[in-house]
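So you know, we letter chains A, B, ... as the sequences are listed, proteins then strands, and number each from 1.
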Number of protein chains: 2
Amino acid sequence: MTPEPSRPSLPLQPSPPSKPTMRDVARKAGVSIATVSRVINFPGDVPAKTAEIVNTAMRYLNYRPNINGRRLKMTQTRTVGVLVPTLANPVFATSVQGIEQEANAEGLTVLLTSSSYDPDREMGAVSALLNNRVDGLILTLADADNNPVVDLLLAEKIPFVLLFNQPARSDIAAISVDNAQSAFDITNAMIAKGHRSLAMVAGRFESSDRSRQRYDGFCRALRDAGIKTPHLVQVGFGETDLKAYLRDLLCGLDAVTGLVCSTDMLAIAAIDACRSYGLSVPDDVSVGGIDGISVGGLITPKLCSAVQPTQEMGRQALAFLRGLIKGQANPQSLLLPHHLSDGESIGSFRRRSST
Amino acid sequence: MTPEPSRPSLPLQPSPPSKPTMRDVARKAGVSIATVSRVINFPGDVPAKTAEIVNTAMRYLNYRPNINGRRLKMTQTRTVGVLVPTLANPVFATSVQGIEQEANAEGLTVLLTSSSYDPDREMGAVSALLNNRVDGLILTLADADNNPVVDLLLAEKIPFVLLFNQPARSDIAAISVDNAQSAFDITNAMIAKGHRSLAMVAGRFESSDRSRQRYDGFCRALRDAGIKTPHLVQVGFGETDLKAYLRDLLCGLDAVTGLVCSTDMLAIAAIDACRSYGLSVPDDVSVGGIDGISVGGLITPKLCSAVQPTQEMGRQALAFLRGLIKGQANPQSLLLPHHLSDGESIGSFRRRSST
DNA sequence: TCCGCCAATGTAAACGTTTCAAACATTCAT
DNA sequence: ATGAATGTTTGAAACGTTTACATTGGCGGA
């Protein structure tokens with residue numbers, strides 16, 4: 001039998017000086033691991049003197065608690081998952097800011113993902129969040145009704161709050177403004193200025209139930225005013241060049257004088273398209289948006305929009321979710337008030353000067 | 001010895017039907033827990049027949065792997081942390097999109113936090129990320145030089161990539177454009193149009209080294225052109241109303257005809273301020289930005305800006321970080337090319353019509 | 001002196017994974 | 001039939017916490 005090569009039987013020391021653990025701190029401080037845990041989690045329960053020793057040891061070793069160990073042990077992870085369609089639209093970025101603000105105040109961790117407006121990616125994203133054992137979720141879905149994600153969450157009894165979605169069922173938590181009413185109001189503002197030939201520029205219905213609900217509000221306003229034909233153009237999300245989409249509406253014989261856009265981002269793009277056709281906003285065409293993103297107030301013409309309290313909605317969504325997680329609240333829809341901003345992008349109707 | 005009260009010695013069943021674990025799947029499938037693990041992680045290593053049985057069991061039980069268990073065991077967590085100043089500025093939101101895109105493609109999880117431009121919150125945010133045992137970090141810091149976060153990361157040998165920061169040290173990984181040169185170029189564009197009286201509108205230096213670097217580029221352009229006084233206004237981040245900041249510059253006797261802004265968001269706000277003073281851009285005042293956010297191309301006047309490939313920078317930052325994590329790459333700075341957009345917000349100098 | 005009590009601390013068993021070494025089963029050449 | 005070689009599967013020990021329960025020691029009162 002050949003002798004073993006010179007490899008020693010016990011490793012000399014774990015080669016990489018790997019991260020210090022609670023055990024290391026305990027050893028250093030000459031206390032038990034349980035005491036260290038108490039110093040971290042229940043500082044009041046341990047005499048100041050001991051705490052001091054332990055804290056010194058922690059500082060000396062550069063100890064950081066491994067959250068994964070904790071999360072594994074604890075039933076609650078103090079983590080919430082967030083799914084938004086995209087961060088590119090400031091309306092969602094702002095709502096996330098509200099969520100994070102409130103989460104920070106509560107010491108909660110936020111796991112953020114986005115679906116890129118693709119309904120098929122929602123399930124994957126939520127799955128990933130659930131694998132992280134989040135305590136609850138805040139979601140902005142393409143379509144809140146008949147959504148497999150909603151069904152899953154309901155079945156697994158995972159607390160969740162929809163944000164911006166306005167689902168048909170009233171027994172699921174949702175924070176939004178009244179989408180139809182928002183569109184109704186901004187449309188009426190145009191009608192009040194004498195416009196009769198209006199079109200809605202909307203995000204694709206299959207990527208956004210808000211878009212559909214807003215279209216409904218638009219239609220209702222037209223109907224109430226006795227206007228027949230509700231023009232509609234659906235635009236893919238992320239599109240910023242609307243020239244091709246709007247050519248017929250803006251340059252045709254029966255050209256439209258008012259564009260109601262389902263989001264402010266679309267409204268800004270629509271104004272740009274008008275301009276590229278040599279049309280002035282609001283002299284030739286009036287444009288209204290919905291959302292109330294802050295940049296709308298800075299551009300020329302100042303965008304007239306149905307403003308929702310975006311950041312506050314994010315905050316409330318998190319606050320509400322906390323209630324659900326604690327079992328203190330029952331799922332319910334909350335409609336927050338919106339208001340029309342006094343923009344310049346909607347003007348009085350005047351017959352279009354020949355182009 | 002009194003007999004035990006009626007409490008049964010074994011709990012009948014764990015009251016809440018808690019989430020199924022690998023053990024449950026193993027039991028159901030009649031295999032060992034190790035086999036289940038292999039089906040999940042190395043599907044190739046297990047015969048199709050066994051895999052099928054296990055997969056069926058997983059579906060039947062609605063099994064989801066608990067990522068926290070995995071993360072605890074594994075040395076790598078396949079998670080990266082990201083810190084940005086804010087999501088409210090589309091330039092960062094867009095870079096995060098680039099990061100997420102690349103991360104998704106690699107199956108990495110992204111942990112996102114923001115500092116609200118507050119240097120004091122950077123350490124806390126990074127600490128939280130490190131407690132999560134991220135494999136590496138992508139950071140946009142207020143000031144990359146002499147930054148305690150950088151020192152910490154270097155000391156603990158945690159891979160990280162700075163994004164948008166352009167640190168003095170060349171041995172730390174950073175992906176950015178040449179900030180000074182960007183400002184230099186956009187300033188020169190104004191000088192080429194005949195402007196001699198220029199001011200920079202910059203984000204507060206203490207919240208942004210980019211701001212300072214861009215100011216340097218601005219000054220250099222003025223110096224090269226033999227212009228003496230580089231006006232400077234520092235603006236707090238998040239401010240959108242610049243009227244008060246710009247009154248003296250715009251309305252004084254020695255009024256300025258060009259505003260170079262350290263970010264596009266500031267440029268948009270500056271244009272708004274000009275307008276509120278009855279000044280036309282670009283007829284009375286030229287305004288240039290830096291960043292190249294997409295909304296800049298949609299507004300009137302189209303914003304002239306030094307455009308950086310924001311989303312691509314995010315992607316590259318993640319790709320680079322992966323290299324660092326694998327130990328395949330050495331930290332180094334990468335400067336990506338920028339270009340001037342053909343905006344309308346910069347016009348030829350003409351003597352200001354009397355206000 | 002002894003007892004009981006309380007505060008302070010310690011012990012050890014989870015939590016749900018991954019993974020190494022070892023066991024087992026099968027095939028095939030001898 | 002035997003053994004080697006190969007292909008599957010398993011047992012059990014981590015990973016770093018939290019926490020129910022046990023232990024210790026000190027102190028006041030009898």
Positional range of nucleotides in DNA chain D within the contact set of chain A, heavy-atom, under 4.0 Å = D/dG16 to D/dT19

Quick one: label B/T50 by what it contacts on the DNA or RNA (base, sugar-phosphate, nothing), any heavy atom closer than 4.0 Å.
-> sugar-phosphate

Separation of atom CZ in A/R23 from atom P in C/dG10, rounded to whole Å = 14 Å

State which residue, out of B/R322, B/R78, B/R315, fulfils the salt bridge (charged side-chain N to carboxylate O under 4.0 Å, His left out) condition with B/E106.
-> B/R322

Using a cut-off of 4.0 Å on non-hydrogen atoms, how would the nucleic acid contact of B/M22 be classed: base, sugar-phosphate, or nothing?
-> base

Taking for each residue the nucleotide of DNA chain C with the nearest heavy atom, is it A/I33 or A/V46 whose nucleotide lies nearer the 5' end?
-> A/V46

For the pair A/S114 (side chain) and A/S116 (backbone), establish whether a donor and an acceptor sit closer than 3.5 Å, ignoring hydrogens and angles.
-> no

Using residues 60-67 of chain B as the side-chain source, report each donor-acceptor pair under 3.5 Å to any protein atom, sequence neighbours left out, with the distance given to one decimal.
{"from": "B/R64", "atom 1": "NH1", "to": "A/S127", "atom 2": "OG", "distance (Å)": "3.3"}
{"from": "B/R64", "atom 1": "NH1", "to": "A/N131", "atom 2": "OD1", "distance (Å)": "3.2"}
{"from": "B/N66", "atom 1": "OD1", "to": "B/N68", "atom 2": "N", "distance (Å)": "2.8"}
{"from": "B/N66", "atom 1": "OD1", "to": "B/N68", "atom 2": "ND2", "distance (Å)": "3.4"}
{"from": "B/N66", "atom 1": "OD1", "to": "B/G69", "atom 2": "N", "distance (Å)": "3.4"}

Note: B/F92 and B/T86 closest approach over all heavy atoms is CB-O, 3.3 Å

How long is the line joining CG of B/D45 and P of C/dT19, in whole Å?
-> 12 Å

Would you mind classifying the nucleic acid contact of B/N41 as base, sugar-phosphate or nothing, using non-hydrogen atoms under 4.0 angstrom?
-> sugar-phosphate

Give the rounded distance in Å between these two atoms: CZ of B/R64 and P of C/dT17.
-> 12 Å

5'-most contact on DNA chain D: B/P47 or B/K73, nearest heavy atom basis?
-> B/P47

Taken to the nearest whole Å, CD/B/Q76 to P/C/dT18 is 15 Å

Look at B/E52 together with B/R59 and state whether they make a salt bridge at an N to O cut-off of under 4.0 Å.
-> yes

A/T140 side chain to A/L163 backbone, donor-acceptor under 3.5 Å = yes

How is B/T35 classified with respect to the nucleic acid when contacts are heavy atoms under 4.0 Å: base, sugar-phosphate, or nothing?
-> base

Start with the C-alpha distance between B/L141 and B/L83, add both sets of side-chain angles, then the distance that settles side chain to side chain contact (heavy atoms under 4.5 Å, CB included), and finish with yes or no.
-> CA-CA 8 Å; B/L141 299 171; B/L83 174 68; 4.1 Å; yes

Heavy atoms under 4.0 Å, any strand shown: does A/T21 hit a base, just sugar-phosphate, or nothing?
-> sugar-phosphate

Would you mind reading off the distance between A/R71 atom CZ and C/dT17 atom P, rounded to a whole angstrom?
-> 15 Å

